[in-house]
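Report on the following structure.
Numbered from 1 within each chain, the chains take letters A, B, ... in sequence-line order. Values below: all heavy atoms of this structure, side chains included; hydrogens, waters and symmetry mates excluded. Quick caveat, the model's predicted, so the values are computed rather than measured.
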2 protein chains.
Amino acid sequence: MVSIEEAQRAILQEITPLQTEKVSVFQGLNRVTPEDHIAPWDIPPADNSAMDGFTFDYAGLTDNRLDVVGFLAAGEVRTAPLLPGEAVKIMTGAPLPPGCDTVVPIEDVEDHQDWIRLKAVKAGNHVRLRGEDIREGEVVIPAGSLLRPQEIGMLSAMGCTSLAVYRRARVAILSTGDELLEPGSTPAPGKLINSNSYSLAAQVIDAGGEPLLLGIAADTLESTKEKILAGLNADFVVITGGVSVGDRDFVKAAIESLGGEITFWKVNMKPGKPLAFATLEGKPVFALPGNPVAAMVSFELFVRPSLLKAMGHRNILRPVVKAELCEPVANKGGRPHLVRGLVSRAGEGYRVSSTGDQSSGRLSSLILGNGLIKLPPESRYAAGESVEVLLLDRGFEMGQLT
Amino acid sequence: MVSIEEAQRAILQEITPLQTEKVSVFQGLNRVTPEDHIAPWDIPPADNSAMDGFTFDYAGLTDNRLDVVGFLAAGEVRTAPLLPGEAVKIMTGAPLPPGCDTVVPIEDVEDHQDWIRLKAVKAGNHVRLRGEDIREGEVVIPAGSLLRPQEIGMLSAMGCTSLAVYRRARVAILSTGDELLEPGSTPAPGKLINSNSYSLAAQVIDAGGEPLLLGIAADTLESTKEKILAGLNADFVVITGGVSVGDRDFVKAAIESLGGEITFWKVNMKPGKPLAFATLEGKPVFALPGNPVAAMVSFELFVRPSLLKAMGHRNILRPVVKAELCEPVANKGGRPHLVRGLVSRAGEGYRVSSTGDQSSGRLSSLILGNGLIKLPPESRYAAGESVEVLLLDRGFEMGQLT
C-alpha cells in the first residue's frame with residue numbers, strides 16, 4: 001500500500017501541462033502564462049510629471065522666482081525649449097518639455113498667474129523618468145507566472161489585449177451506485193442523494209477547472225464502462241464509489257477492460273484508503289472512495305494538485321502549518337489519519353481543535369472545519385502539543401471591521 | 001485628513017448588502033447565502049452499511065459462524081427480519097435489514113458462500129446510523145455562511161438544486177485623462193496606455209464582482225459627468241485619476257454637480273493621498289488616484305472590503321501578519337507608507353524585503369511583491385526587526401512537489 005506522498009509523486013509524474021489558448025487579458029486572471037512577456041517600449045515612455053505643478057530646468061534657477069510661459073495638459077506635448085528662469089504649468093502625466101528636469105507641485109508654489117514663487121524645491125523631484133518602471137526589451141512577466149491583478153495591469157500597460165494561458169482543465173465527474181438519486185428527486189427507501197458529484201464539481205471550479213457532470217453509473221460493468229468512455233472527452237476523469245472489494249464494485253474492472261493501466265490501488269490513509277489512479281487513452285483517471293468526506297479529502301490531496309500542475313501552476317500543494325491542539329487527540333489506527341479540524345489564529349501562530357465525530361460519511365466534519373490535522377499511525381497528543389495541519393481555506397485569517 | 005482606518009470605517013458604514021438572487025447550487029460557490037438551510041430529512045436517512053460486508057444482529061451471535069441467507073445491493077431494501085445466526089451480504093450504502101446492527105467487512109470474513117466465519121467483529125461496527133451526520137430540522141448552514149465545496153456538497157445532500165445568494169457587485173470602472181490611450185492603440189508622444197481600468201477590473205473579478213468598463217473620460221467636466229452618470233447603472237463606481245488639485249481635475253466637481261455628497265477627500269497614506277469617497281443617487285463612488293500603484297493599493301484598502309461587505313461577506317479585510325525585515329527600511333515622510341514587499345516563510349513565521357523603488361507609478365513594485373509593509377510616519381527599522389505586513393496573496397505559502 002503506497003503512502004500519501006508516494007501516491008502524490010506517482011500521480012504528478014503522469015501529469016503533463018495542457019495545451020494553451022489565447023484569451024483576452026481579463027480572462028487571464030489567476031491563470032498561468034506559458035510565455036515570457038517582454039516590454040515593447042519604455043514605461044513610462046518619456047520623462048513626465050508625477051504631479052500637477054510647474055516644470056523647469058533646475059540648473060537655470062537663480063532665485064525662487066520663475067516666469068510662467070505656457071500650460072501643458074496631460075496628453076499634450078511641447079517641443080519648444082524653455083529659457084532659464086522660465087517655467088511651464090504642467091499636469092500629471094504630461095511629458096516634460098526639452099531641457100526641463102524638475103517639477104514643483106502646485107501646493108509648493110505662490111501662484112501669481114504670470115509668475116510663481118517657489119516655496120520649496122528639490123532638483124529632479126516629482127518627475128517620472130522614462131523607463132524607470134520598465135525598460136524596453138526587459139522580460140517583465142516570465143513564462144510560468146501566475147497572473148494576478150498587478151500582472152493584468154502591467155500587461156495592459158505593455159499594450160497587450162490578449163495572451164496565451166494554459167487551458168482550464170476539463171474534469172469529467174462520475175458517481176457510481178444503484179443507491180444514488182440526483183438532488184431534486186423524491187427520496188425513496190434505500191436511496192441516498194448524490195452529493196459527491198456536486199462537492200467535487202465545486203472543488204474543480206475552486207481549482208480553476210471546468211467540471212463536466214457525467215451523472216450516475218449503475219452498478220454494472222457495462223454502465224460503468226459506458227460512462228467512463230464518455231468522460232474521456234474531458235482532460236481528467238474523476239469517479240467516486242465502486243472502487244472497493246465488493247461484488248458490485250466495477251470501477252477497477254471497467255478501467256482495466258477499457259485498456260487502462262492502474263498505477264496503484266489503495267493509499268495508506270484514513271479517510272480514503274480505496275483509491276485507484278490509472279491512465280486510460282493518455283488521460284488521468286482517479287477512482288475515489290464513495291464516502292463523501294473520503295471523496296473530498298482524496299480530491300484535495302491527489303486531484304487538485306494534478307489539475308493545478310496541468311494548468312501550469314508551480315505552487316500546487318495546500319499550505320501546512322503547525323498548530324497547538326486545544327484538546328488531546330489520538331489515532332489508534334494503523335493508518336495516518338487526516339482529522340478534520342477547526343483552525344484559528346493564536347497570536348502569531350495557530351490553534352486547532354477536532355470537528356468531532358470523524359466518520360468518513362459525516363460531511364459535517366468538513367462543514368465545521370477548515371483544515372486537516374495529520375496524525376501519524378498509533379499516535380497520541382496532549383492538549384497544547386503541536387501538530388501539523390493542512391489548511392483547506394484561510395478565510396479565518398481575514399479581518400472583520402467592527 | 002482622515003486616517004486609513006477612519007476612511008475604511010466611514011466608507012463601510014455606507015455600504016449595505018446587495019439584493020439576493022436565486023442561482024443553481026453550483027454557482028453558489030464562494031458566495032454568501034442570506035438564508036438558514038435546514039435539513040429536510042435525516043442524513044443518512046436510514047442505518048446503512050459503511051462497508052461491503054455482512055450484516056447481522058450482534059446480540060444473536062453464539063459463535064463466529066453465520067449462515068448467509070441473502071444479498072443486499074446498494075439501493076435495495078430488505079424488510080424481512082433475520083433469525084439469530086443468520087447474516088445477509090450487504091454492499092456499502094444499503095440500509096440494514098430490520099434487527100441488524102453490525103457489519104463485518106469482507107476482509108474480516110472467511111467466505112464459504114452459504115456461510116461465513118468471522119475473523120474479527122465488534123458490536124455496532126461499520127454502520128452509519130440514521131441521522132448521524134445531520135438530524136431533520138437542524139440548521140446545517142446558517143444565514144451568512146460562505147459556501148465552500150463542502151457546503152455545496154451538503155446542500156446537494158439536502159436535495160437542494162438552487163438557492164439564494166447575494167448578488168455579485170457590478171462595478172463601473174472609469175479612467176480619466178486626455179493622455180490615456182486604450183491598450184491596442186498605437187503609442188503616440190505624450191500619451192500613456194490606460195492600464196488602471198484593467199488592473200482594477202481584475203481586482204473586481206478577484207473579489208467576486210463583475211467589472212463594467214466605462215472607458216476613458218476626457219479632461220472636461222462634461223465628459224466626466226456623462227461617464228459617471230453611465231456608471232450609475234452599476235452598484236459601485238470606481239474612478240481613477242482627476243481627483244487632485246490640478247486645473248484639469250474634474251472628478252470632484254463632476255460628482256458634486258451631479259448632486260453627490262463627498263464624505264471625505266484625501267487619506268493620510270502613501271501611496272494614494274488624493275482619494276475621495278462619495279455617495280451619488282445612493283451608489284458608492286470611489287475616486288482613486290491615477291498613479292497605477294496608488295490606484296491598486298487604494299482599491300485593496302477601500303474598494304475590496306466594500307464589495308465583499310455588499311456581497312454579504314463577514315471576513316472582508318486581508319490578513320495582517322508580523323514579518324522580520326531582511327534589510328533596514330525607513331519612512332522619512334509624515335504619512336504612513338505602505339511599502340510593497342516580498343513576503344516569504346521563515347520557519348513558522350514570515351520574513352519580508354522591500355521591492356525596491358517605491359515610486360507610485362512603478363507597477364513593478366507590485367509585480368515583484370505580494371504584501372504591503374505598514375511603516376508609520378517618520379519611522380526607521382533595522383534588519384531583523386518585526387513589521388506588520390498586509391498579505392495581498394498567499395501563493396508563496398503553497399507547496400511545490402519536487
Side-chain angles (χ1 to χ4, degrees), chain A residues 8 12 25 29 41 45 52 73-77 91 93 95 106 128 133 146 148-150 152-154 156-157 159 161 177-179 183-184 187 189-190 192-193 195 198-199 202-203 205-206 244-246 248 292 314-315 317 319 322 348 361-364 366-367 393 395 397-401, chain B residues 8 12 25 29 41 45 52 73-77 91 93 95 106 128 133 146 148-150 152-154 156-157 159 161 177-179 183-184 187 189-190 192-193 195 198-199 202-203 205-206 244-246 248 292 314-315 317 319 322 348 361-364 366-367 393 395 397-401:
Chain A
Q8 285 179 327
L12 286 165
V25 72
L29 183 67
W41 47 63
D52 292 331
E76 289 177 5
V77 178
M91 299 290 97
I106 288 172
R128 293 188 202 126
D133 194 358
L146 175 66
R148 302 166 299 167
Q150 52 265 56
I152 300 297
M154 181 63 92
S156 302
T161 55
D178 286 339
E179 76 278 27
L192 293 171
I193 304 288
S195 64
Y198 302 91
S199 53
Q203 288 181 296
I205 296 171
D206 211 42
S244 207
V245 290
R248 300 292 169 94
R314 279 188 291 237
N315 297 321
L317 300 176
K322 292 217 168 105
E348 288 304 303
R362 191 171 166 261
L363 207 41
S364 343
L366 272 168
I367 298 274
D393 65 84
E397 293 184 74
M398 290 179 65
Q400 304 186 355
L401 203 81
Chain B
Q8 285 179 327
L12 286 166
V25 70
L29 184 67
W41 46 65
D52 291 332
E76 289 177 6
V77 179
M91 298 290 98
I106 287 172
R128 295 189 201 124
D133 195 358
L146 175 66
R148 302 167 299 169
Q150 52 267 55
I152 300 297
M154 181 62 91
S156 302
T161 55
D178 285 339
E179 75 279 24
L192 293 170
I193 304 287
S195 64
Y198 302 92
S199 52
Q203 288 181 295
I205 297 171
D206 211 39
S244 208
V245 291
R248 300 291 169 95
R314 280 190 290 238
N315 296 322
L317 299 176
K322 292 215 169 105
E348 289 305 302
R362 190 170 166 262
L363 207 42
S364 343
L366 272 169
I367 298 274
D393 65 85
E397 292 183 74
M398 289 178 65
Q400 302 186 356
L401 203 81

Arg128(A) versus chain B, the contacting section by heavy-atom distance below 4.5 Å: side chain

Atom of Gly75(A), atom of Glu179(B) and distance for their closest heavy-atom approach: N-CB, 3.2 Å

So, Glu348(B) side chain and Lys322(A) main chain: donor-acceptor pair closer than 3.5 Å or not? yes

Option that, when pairs with chain B are counted at under 4.5 Å, heavy atom only, ranks first among Gly399(A), Gly361(A), Ala202(A): Gly399(A)

Correct closest heavy-atom pair for Pro45(A) and Leu192(B) would be CD-CD2, 3.4 Å

Heavy-atom proximity to chain A below 4.5 Å, by part of Leu363(B): both

So CG of Asn315(B) and CD of Gln400(A): to nearest 0.5 Å the spacing works out to 4.5 Å

So which residue, Thr161(A), Leu366(A), Ile152(A), ends up with the most heavy-atom pairs under 4.5 Å with chain B? Leu366(A)

Any Asp393(B) side-chain heavy atom under 4.5 Å of Arg148(A) side chain: yes

Between Pro189(B) and chain A, which part of the residue has a heavy atom less than 4.5 Å away: side chain, backbone, both or neither? both

Measure across Gly190(A) and Pro95(B) and return the closest heavy-atom pair with its distance rounded to 0.1 Å. CA-CG, 3.4 Å

Heavy-atom check, side chain of Tyr198(B) versus side chain of Leu29(A), under 4.5 Å: no

For Gly153(B) versus Ser199(A), what's the shortest heavy-atom pair and its separation? CA-CB, 3.6 Å

State, yes or no, whether a side-chain contact exists between Met154(A) and Ser364(B) at a heavy-atom distance under 4.5 Å. yes

Looking at side-chain heavy atoms only, is the closest gap between Pro183(B) and Val25(A) below 4.5 Å? no

What option among Asp178(B), Ile367(B), Ile193(B) has the most heavy-atom pairs under 4.5 Å with chain A? Ile367(B)

With a 4.5 Å heavy-atom cut-off, do Met398(A) and Leu317(B) have their side chains touching? no

